[in-house]
Protein chains: 2
Amino acid sequence: MPVNKSSTASGPTTLNHAMQILQITARGGYRGASIDDYLNALSFSRPTLYRLLKGLKQQGFLRSSPVRGRYLLGYELLVLGAQAGNGAGLRDLARPRLLALAQRWGDSFYLFARDGVNAVCLEVQNGAYPVGSFVRATGGRLPLGVGQASIALLAYLGTDERGEILSHNAERLMDEYAIAIADIEAEISHQLKHGYARGVEGSLLPEYSGLAIPILDHSGHPLGAMSCSMLKSRMTEDHKREVLQGMREEVAAMVNQAHGLLYLD
Amino acid sequence: MPVNKSSTASGPTTLNHAMQILQITARGGYRGASIDDYLNALSFSRPTLYRLLKGLKQQGFLRSSPVRGRYLLGYELLVLGAQAGNGAGLRDLARPRLLALAQRWGDSFYLFARDGVNAVCLEVQNGAYPVGSFVRATGGRLPLGVGQASIALLAYLGTDERGEILSHNAERLMDEYAIAIADIEAEISHQLKHGYARGVEGSLLPEYSGLAIPILDHSGHPLGAMSCSMLKSRMTEDHKREVLQGMREEVAAMVNQAHGLLYLD
DNA sequence: GGCTATGTCTCATTTAGTGAGATGAAGTCA
DNA sequence: TGACTTCATCTCACTAAATGAGACATAGCC
C-alpha cells in the first residue's frame, strides 16, 4: 500500500523518498521494516533505496535492527522529537506541573498542542490510579474533536478555521470514534461558557471521563491545552472542582512564566 | 559555525542538507532558527534553502514559528521520536514499571539505551523527591561513561568495543565531566562483580547519587539499562538495598515479557 | 558447502536539484 | 498612510548529482 496518498509531496524528491522510508519504518513499530517492506511500498530502485538507507543511518535517523535486513528508527529522531515537543518552551514548563498534579490527585494529566487538524500529546504524567486514554504516550496524535483537550484547543480558534478543521475531520470522527460535529460544537460552547472542556462522549473509552483547560497566550490564541483523564466513578462534583482548580492554578503559573519567554528574540 | 564538522556526510546531498537544517533548527531550542541562522551555517543558496524548508514543512518536520521568518521543529518528529524511543518495545514495557518504582520510592527512575558512543534516555519517571540529573528528559544524551546507566551499559559490551568507545569519549569525559577512564573501568568491575552500577563521581552534580542495572537479552547483550537518581542523603544502605531489589524485580519481569516479543518475525 | 537474501559497485543516462538575480508579499517603523 | 526591510517565491539556463539496470560481493542459514 502507498505510504500517504494524501500527501501532495512537492519538495525535492530525495527528501520525500527519505521521509517515506521513515514513515514505513515507523509503521513497523518496534520491529521496524524490512527491505521488502520498503521495496513494495516505494517507487524507486533498490540501489537508491540502499543509498538512502545508508544516508539516513549516518544521520542517526535509522539504525539497523539486530535482525539482519531490518531497520529501526534511529535515536536522533528521539532527540529531535524531544526538542520538537518543546514548542514555545511549553513542555519544560508543564512537566513538573503535570507531575505535581498527578501526585496530588492520582489521576493522569496531559499536555496537548495543535498540529494541523490533529491534537498531539506533548507530555503525559500518569497518576496512581489506572487510566484509559486515547493517547498512550508523548507523540500520540488524535484528530481534533476527540478528547477533552481537543475541545479546549478548538474553542479558541477562529470560527472559520475551526469549521475547516471539523469538516476535514468529520468523516473520520464519525467512522472511528462515533462522534458527531454537532456534539463537538455543543461542548465548545460549554468550554467558552464555563472555561473548561469535558470532551464528547464517543464509542471508545466509555468508562473514562476527563477535563481540559486551554493554555492561552496574551492575545487569546491557544498555545496548548492541559487535560486529565480518570475513571468516571472518580469524577464526583467535589473531585472535579478540586482538580479543575488545581489545573487552573498550574496553567496560570505556566502562562506567567511563559510570558517572560515567548516571542522574544 | 559549521553544523557538525565530524559528520562524514556521504549520502545524497539533499538529505544531508535537510538534516543540517533540522539540526540548526534544533539548536535554536524552543525559539527555532531564523533565515540568517540557516544561511550563515549552510553552504547552499537561498532558493535551495527555501525549497528545502518548504519540503520539510510539508512533511511535518518543520513548522513556522508565530514569529515570521523563524522555523521550529515539527510535530512529525515528535511522533517518529516516540516510536524511535520504543526500540525493541522496551519503552512500552518500562514505562509503567518506572512509574511504579517512582511512586513507591519517591526517587527518579530512568530507562537508557546505547546510541553509538552515547547513552540516550528513553524514558524518565520522576518521583516525589527533588532530583538533579544529567538528563532532564526523554531524548537526553550523554557520552557513555557519564552516569550510572552508562556503566551498566558499558560493562556488557565486548572489551574491544568498550575500549573504542572509552578512548573516543576520553577527552570529552575529562574536559566536560572531570571523569577519568580508569575510574570508569573500576566501576565497570564493580558492576560485573555486584550486578549493579553506581556511576563515577565527576565534577557535576556532586550532591546526587544513583544506581543502575543492565537489561540484558538472552545472549547477555545489553538492551538498555534502568537507573535511578537521588540525593546522596537519601542513599542509606537500607534504601539502596530496597531500591535495587525493586529495580531488579521490574527488570526481570520486563525481560520476561520482552522475550516473548524480541527478535520475532 | 550450497542457497537465499542482503548489501555494494560501476557506469551511462538524464532527471532533477541548483544558483543568480529579479519579483512578489508581508510586516515594521516613521 | 506610505516608505522600507526582510521574508518568500519565481524564472530559467546549467550541470551536478541522483538514478536505474544489472552485475558482484557478503552474510547468515540449513
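Chain naming here is simple, since letters A, B, ... match the order of the sequence lines and numbering starts at 1 in each.
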Contact list (N/O, under 3.5 angstrom) for nucleotides 23-30 of chain C vs protein:
from   : atom 1 : to    : atom 2 : distance (Å)
C/dA26 : O4'    : B/R68 : NH1    : 3.4

- With A/R248 via salt bridge (Lys or Arg N to Asp or Glu O under 4.0 Å) - residues at least two apart: none
- Which of C/dG19, C/dG7, D/dG20 is nearest the side chain of A/S45? It is D/dG20
- Item | B/Y38 side-chain N/O to D/dC7 phosphate OP1/OP2 under 4.0 Å | no
- Item | Shortest non-hydrogen contact between A/V79 and B/G139, atoms and distance | CG2-O, 3.4 Å
Please list each protein N or O that sits under 3.5 Å from an N or O in nucleotides 9-13 of chain C, with the distance.
none

- Query: Can you check whether B/T48 has a side-chain N or O nearer than 4.0 Å to OP1 or OP2 of C/dG17?
  - Reply: no
- Item | Pair listing, ring-ring contact (aromatic ring centres under 6.0 Å, His included) test, anchored in residues 51-97 of chain A, at least two apart | none
- Is any side-chain N or O of B/T13 closer than 4.0 Å to OP1 or OP2 of D/dA18? yes
- Query: Taking only residues two or more places apart in sequence or in another chain, which ones pass ring-ring contact (aromatic ring centres under 6.0 Å, His included) with B/Y196?
  - Reply: B/H190
- Message: If the condition is side chain to side chain contact (heavy atoms under 4.5 Å, CB included), which residues does B/T48 pass it with, not counting sequence neighbours?
- Response: B/F44, B/S45, B/R51, B/L52
- Item | 5' precedence on DNA chain C between B/L52 and A/S34 (nearest-nucleotide basis) | A/S34
